[in-house]
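Here the structure comes first, spelled out in structure tokens, and everything after it is commentary.
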Amino acid sequence: MTRQRELALDPQPSMATRREWLDDGALLLRGHAGAVAVDMVTEIKRIARLSPFRRMATPGGGMMSVAMTCCGARGWCSDGQGYRYVAADPQTGQPWPPMPATWRQLAIHAARAAGYDGFEPDSCLINGYRPGARMGLHQDRDERSDAPVVSVSFGLPAIFQWGGLRRTDPLRRIPLLHGDVVVWGGVSRYVFHGIAPIRAGTHAVTGPCRYNLTFRRTL
DNA sequence: AAGTATCA
DNA sequence: CGTG
């Protein structure tokens with residue numbers, strides 16, 4: 001059987017994924033979510049009808065340029081009081097929309113590919129980036145669990161800034177493209193990272209937007 | 001604390 | 001365009 005035929009029959013898109021270790025414990029799965037991207041972007045829009053994208057305030061008094069919503073049992077929020085996970089959307093008073101089972105399975109599969117068995121995400125933060133939007137250098141440290149983080153990118157390309165455990169550690173700049181998945185955990189779990197301002201453009205699936213999903217275990 | 005602006 |  002030809003390699004091409006094997007790939008066409010393979011129900012696991014990851015088998016065709018090019019893997020690149022960013023660091024000990026941090027794996028980039030290039031294009032891993034490409035085959036399901038259209039369906040997942042459709043789901044993002046459905047979720048956003050229930051819990052709309054909104055820009056949150058930071059404790060320092062600024063406003064984030066990235067628009068956010070969440071799904072799953074708990075969702076990440078920021079306001080003048082700080083960062084936290086909450087079970088209900090503060091804007092609607094309703095629980096966050098459920099995490100689609102297909103998303104959960106994708107996140108579990110990606111985590112396993114990076115060596116993290118038993119990942120049970122209870123939260124998915126959905127970030128919407130328009131051109132110019134950015135995410136400053138930060139650590140993900142609002143979770144009580146030290147389970148890994150799984151990040152899935154759709155739409156416009158981004159430059160992922162990948163640093164170290166100290167804010168001043170040198171940064172690597174890694175392009176993240178439509179369908180790319182990054183997993184970080186273990187000794188890389190609290191690495192500083194960010195997203196450079198998104199360049200103007202249009203993507204065939206998402207239009208003038210980048211979406212990023214981050215799956216986490218919060219408890 | 002995941003903000004922006006500005007300069008060397 | 002990058003860092004501090």
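- One interatomic measurement links the two molecules: CG of A/L137 to C1' of C/dG4, which rounds to 13 Å at whole-angstrom precision.
- Remark: A/R189 does not engage A/D140 in a salt bridge, criterion side-chain N to carboxylate O under 4.0 Å.
- A/R134 comes within 4.0 angstrom of the backbone, heavy atoms only, and of no base.
- Residues A/D122 and A/T218 have side chains that bring a donor and an acceptor to within less than 3.5 angstrom of each other.
- Counting only Watson-Crick and G-U wobble pairs whose two distances sit under 3.5 Å, DNA chain C takes part in no stem of three or more pairs.
- For the pair A/R172 CZ and C/dG2 P, the interatomic distance rounds to 16 Å; values are reported in whole Å.
- The CE-P distance, from A/M56 to B/dA1, rounds to 19 Å in whole Å.
- Between A/E143 and A/R216 there is a salt bridge, since a side-chain N of the basic residue sits under 4.0 Å from a carboxylate O of the acidic one.
- Side-chain atoms of A/D142 come within donor-acceptor range of the base of B/dA2, with a qualifying N/O pair under 3.5 Å.
- Between A/R199 and C/dC1 there is no side-chain N or O to OP1 or OP2 distance below 4.0 Å.
- As judged by a 4.0 angstrom heavy-atom cut-off over every strand, A/M63 is placed among residues touching the sugar-phosphate backbone only.
- Within the nucleic acid shown, A/R84 has no heavy atom closer than 4.0 Å to any nucleic acid atom.
- To the nearest angstrom, C1' of B/dG3 lies 16 Å from CD of A/Q81.
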Inset, instruction - Start with the C-alpha gap between A/K45 and A/E43, add the side-chain angles, then the distance that decides, and say whether side-chain contact (heavy atoms from CB on, under 4.5 Å) holds. - result: CA-CA 5 Å; A/K45 292 173 179 173; A/E43 280 287 87; over 6 Å; no

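- Rounding to whole angstrom units, CZ of residue A/F160 and P of B/dA2 are separated by 15 Å.
- Looking at heavy-atom distances under 4.0 Å, A/G136 makes contact with sugar-phosphate atoms alone, never a base.
- In this structure, CD1 of A/I159 is placed 10 Å from P of C/dC1, rounded to the nearest angstrom.
- Among the atoms of the strands shown, none is found under 4.0 Å from any heavy atom of A/Q161.
- For A/P59, the listed nucleotide lying nearest its side chain is B/dA1; candidates were B/dT4, B/dA1, B/dA2.
- Seen from the ring of A/Y129, A/R210 counts as a face-on cation partner, given the 6.0 Å and 45° thresholds.
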Inset, instruction - Determine, step by step, whether A/W103 and A/M40 satisfy the side-chain contact (heavy atoms from CB on, under 4.5 Å) criterion, reporting the C-alpha distance in whole Å, the side-chain angles of both residues, the deciding distance to 0.1 Å, and the verdict. - result: CA-CA 8 Å; A/W103 293 20; A/M40 290 185 73; 3.7 Å; yes

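- Computed from coordinates, the A/R166 CZ to B/dA1 C1' distance equals 20 Å when rounded to whole Å.
- For A/L137, the CG atom counts as densely surrounded, since its 6.0 Å shell holds more than 12 non-hydrogen atoms of other residues, nucleotides or ligands.
- In this structure, A/R167 atom CZ and C/dT3 atom C1' are separated by 14 Å, rounded to whole Å.
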